Amino acid sequence: MSNEKIFTVNIDGKEFQAPAGTMLIEVADREGITIPRFCYHDKLSIAASCRMCLVDVERMPKPAPACATPIMDGMIVRTRSEKARAAQKAIMEFLLINHPLDCPICDQGGECELQDFSAEYGQNHSIYTEEKRHFPKSDIGPLVETFMNRCIQCTRCVRYGDEIAGMRELGGLDRGDRLEISTYIQHALASEVSANIIDICPVGALTAKLSKYGARPWEYMNHDSISIHDGVGTNTEIHTLRGKVARVVSRRNDEINEPWIADRDRFSYEALFSADRAHFPLIDNGQGVLEQANWADALKATKLVIEGAIQKYGVDQVGIFVSPLASVEELQLVSELKVGLNLKNVDYRLKQRDFSGEKSEPTFRSLGLKLTEINRLDSVFLVGADPRMEVPVLAIRLRDAVKKGAKVSRLGTYDADQLHSMHASIIAHPFDWVGTLMAVVKRVATAKGQPLALEFAKINADTAVDNALVERVADQLLEGEREWIVLGDEAISHPQFATIRALSVELARLTGASFGYFTAGANSSGAALTQITTEGFNTASMLTKPLKAYILVGAIDPEYDFAETGQVFNALKAAEAVVAVTPFVSEALKSLANIILPAAAWAESSGSFVSLEGRLQSLQAASMPQGEARPLWKILRVLGNQFELPGFGYISSEEVLAKWRLMHEAQLAEQNNISEVFTFDYQAMPKSGLIAIPTTSLYSTDAYVRRGEALQKTPLASRARIAFNNSNDEATVMAILNQESRFTSRVSAKVAPGCVRIPTEYAGQTPFYQFIKGAN
């Protein structure tokens, strides 16, 4: 039973109850009582600097700020009394002293809190005649536009960077009437969630650079949407102008993303207008050149090449790669095409190498807990995971947990900055991971007095383990109550993934921790639930033993989206038929495909996605497809009709979704990633010289962010830079790569010994985990 005190407070003649310590403004907001404010934000600390929320509190000689006044039992408050109104009007006049009269050209006009409150609380004339202050224009990067003459020094942006983003990039310079919010030194914002300051700025001081001077808020059509870049399911809102996407803003959902979205969620819509959009069907003219065709000819040609491959080589020689960004409706139709054509080789796990653990895989790879539970965790162990780069919005919750006392440790090949304290960082060569995890598991099992599963006896990993760090991680997991072990991209793409997963699951079983994954794209969970990979070859098999025909479904760039770029190019070049159904036509894809069917992009088609916590969310198209592109689900439906398959009479995407829900919705609630059965094929991988590890940056993870021009200009975008642990490695690597002019190099203690990090987009066809020949 709770011992929490409950106080009664009277606001505007009505009594309300709330726990002791609650601020007046929180009670008012809960009860729908309007109190004006500028500096207060429910997700930020209390500054009480604007004083706009002054209210009349009985027995207090002066008006009190509602945001910083805790309720007292029996307190009587008046928010609209003459005393309160007079104080609010005085504050409004004070705030407008230096504010420019530029509402007619301000992008914030129409959705400006200062504009709204000045209409209700402001004077109908000003007695101020002196010249207003002026600040020089400042450039803080390609995403956020500044008009600091409009700033009212509420400090929301400063507190956001310090408390939420984890990077205090903005601050107050000078004092009094000379106070200016700016960067301490002239530089671009480097946070992956920096642009949330646009949404929380109550005036037009911080606006979106990409959409500035575009339209008034009332001219936009608003469409609910979600982010497609990761499995969090971040809620967004798309604003269109005359049928075209004009901007993307946050849509608050406290169970998922709260009020925040990542910069890539906000600005990747630029990809919709990229130069390489697929606008019309393309067919190989027989001489290796793709030529424009009409839809009837393109669909007929698609049917002929697929049927021809099946008849000539058999169904085992046809493979389908599906983007993890594809909606469940698109996945359902792929599944039905697969069944109808008796195909077996379908996969969406494009960056996975090791599939030996499939028999012990969960129904779908989930977080293993609810997003809201992350803020209350005591202990987190990241295995090959980088929350800040993989799931930026989730990383905000993780930072909050650390602020409350959670301990976070990690195992990886690079000591990536997570903008919060790390309890232990084990930065190891990738082929030392199994031995390191084995050491942690053994220590925990010994402390718990429990035997290890027999399957682990065959692991004989001779690894030089840092015992002090192993003990630190083990002790952390033994001490915590609410614990989480999570595998990220570097673990999933690891050639010993199944063994790493089995050891991590065993560690979770021994400690009682939740166990989860960070997977690629918005709908890896939906693809798993659709069961498109239940038989046949997986991605690795389809590439190591090239097939005769391939179908690429969704936004897939062969040069970026697979683990082994070289294998992909070799396989697709050797194939007799390659059909791509895609929104984008890169030069690399043109060189590989025989037929390209233009699909609608995200925001141009309706669809549904399953998040990593098993939440199904649907959205409608916000704009029309460009050129002759068609929604992907419609293309797949028509292909089913071309092949004269039964059951392809769908009229709408809602009908396809209804079919999917009937077949798979019951599994949505399952979040059990911990299996009692362990299947893995452990193969020791001896280290020999240097190993190349092409890495994917935050803004090269998928086809959309790669085409976001503004995102590519930010500090977090990839650069032609390689990094090693030892300066002695530089000459060897540069001589072997023979591309000195393309690369800059640096020595970094953050890189594991024996490893060379190369940005994927500059690595060409260098395979991941490829030993650099000639290295000593």
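In this chain, numbering begins with 1 at the start of the sequence shown. Remember, it's a predicted structure, so these values are computed and weren't measured experimentally.
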*Asks:* The test is side-chain contact (heavy atoms from CB on, under 4.5 Å); show your working for Ile320 and Val322 and say whether it passes.
*Replies:* CA-CA 6 Å; Ile320 303 178; Val322 186; 3.8 Å; yes
*Asks:* Is a salt bridge present between Glu655 and Arg637, judged by a nitrogen-to-oxygen distance below 4.0 Å?
*Replies:* no
*Asks:* Partners of Trp633 by ring pair (Phe, Tyr, Trp, His ring centres under 6.0 Å), sequence neighbours excluded?
*Replies:* none
*Asks:* Does Asp702 reach the side chain of Ile228, with side-chain heavy atoms less than 4.5 Å apart?
*Replies:* no
*Asks:* Flag the pair Leu636 / Glu330 as yes when at least one side-chain heavy-atom distance between them is below 4.5 Å, and no otherwise.
*Replies:* yes
*Asks:* Show the nearest heavy-atom pair for residues Val232 and Ile256, with the distance to one decimal.
*Replies:* O-CG2, 3.4 Å
*Asks:* For Glu587, is there an ion pair with Lys590 - N to carboxylate O distance below 4.0 angstrom?
*Replies:* yes
*Asks:* Provide the closest heavy-atom pair for Ala326 versus Asn523 in the form atom of the first, atom of the second, distance.
*Replies:* O-ND2, 2.7 Å
*Asks:* Examine distances only and state if a side-chain atom of Asn673 and a backbone atom of Pro362 form a donor-acceptor pair shorter than 3.5 Å.
*Replies:* no
*Asks:* If a pair satisfies side chain to side chain donor-acceptor pair (under 3.5 Å) and one of its residues is in residues 267-283, list it, with sequence neighbours excluded.
*Replies:* His229-Ser268, Ser274-Asp276, Asp276-Arg707, Arg277-Glu604, His279-Gln626
*Asks:* Report yes or no: does Asn538 contribute a side-chain atom to a donor-acceptor pair with the main-chain N or O of Ser541 at less than 3.5 Å?
*Replies:* yes
*Asks:* So do the side chains of His239 and Met221 get within less than 4.5 Å of each other, counting heavy atoms only?
*Replies:* no
*Asks:* For Phe267, enumerate each residue passing the ring pair (Phe, Tyr, Trp, His ring centres under 6.0 Å) test, keeping only those at least two apart in sequence or located in another chain.
*Replies:* none
*Asks:* With sequence neighbours excluded, what pairs up with Thr236 under the side-chain contact (heavy atoms from CB on, under 4.5 Å) test?
*Replies:* Ser225, Thr234, Val248, Ile261, Asp265
*Asks:* Tell me whether Asp199 is salt-bridged to Arg266, with the criterion being a basic N under 4.0 Å from an acidic carboxylate O.
*Replies:* yes
*Asks:* Asp230: what forms a salt bridge (Lys or Arg N to Asp or Glu O under 4.0 Å) with it, not counting sequence neighbours?
*Replies:* Arg264
*Asks:* State which residues pass ring pair (Phe, Tyr, Trp, His ring centres under 6.0 Å) with Phe537; sequence neighbours excluded, sorted by chain then number.
*Replies:* none
*Asks:* What heavy-atom pair brings Pro387 and Phe518 nearest, and what distance separates the two atoms?
*Replies:* CG-CE1, 3.9 Å
*Asks:* Name all residues meeting the salt bridge (Lys or Arg N to Asp or Glu O under 4.0 Å) criterion together with Glu336; count only those two or more places apart in sequence or in a different chain, and write none if there are none.
*Replies:* Lys659
*Asks:* Who passes ring pair (Phe, Tyr, Trp, His ring centres under 6.0 Å) against Phe609, sequence neighbours left out?
*Replies:* none
*Asks:* Are more than 12 heavy atoms, taken from residues, nucleotides or ligands other than Lys634, located less than 6.0 Å from that residue's NZ atom?
*Replies:* no
*Asks:* Please confirm whether the backbone N or O of Val249 pairs with a side-chain atom of Arg251, one donor and one acceptor, at under 3.5 Å?
*Replies:* no
*Asks:* For Pro546, give me all partners under side-chain contact (heavy atoms from CB on, under 4.5 Å), at least two apart in sequence or on another chain.
*Replies:* Tyr550, Ala571
*Asks:* Is it the case that the side chain of Gln352 and the backbone of Asp354 share a donor-acceptor pair, with hydrogens and angles ignored and the cut-off at 3.5 Å?
*Replies:* yes
*Asks:* Which residue pairs pass the side chain to side chain donor-acceptor pair (under 3.5 Å) test with at least one member in residues 283-298, sequence neighbours excluded?
*Replies:* Asn285-Glu291, Asn294-Asp297
*Asks:* According to salt bridge (Lys or Arg N to Asp or Glu O under 4.0 Å), who are the partners of Glu535, at least two apart in sequence or on a separate chain?
*Replies:* none
*Asks:* Looking at Glu709, I'd like to know if its CD atom is crowded, meaning that more than 12 non-hydrogen atoms belonging to other residues, nucleotides or ligands lie closer than 6.0 Å.
*Replies:* no
*Asks:* Using only heavy-atom distances, determine whether the side chains of Ser623 and Thr240 contain a donor-acceptor pair under 3.5 Å.
*Replies:* no
*Asks:* Under the side-chain contact (heavy atoms from CB on, under 4.5 Å) criterion, do Gln332 and Glu329 qualify, and how do the steps go?
*Replies:* CA-CA 5 Å; Gln332 176 66 25; Glu329 291 86 348; 5.7 Å; no
*Asks:* Using the benzene-type ring in the case of Trp, are the ring centres of Phe321 and Tyr348 under 6.0 Å apart?
*Replies:* no
*Asks:* Give me each pair satisfying side chain to side chain donor-acceptor pair (under 3.5 Å) with a member in residues 301-317, each pair once, sequence neighbours excluded.
*Replies:* Tyr313-Glu576
*Asks:* Can Asp561 and Lys351 be counted as an ion pair, charged N to O under 4.0 angstrom?
*Replies:* no
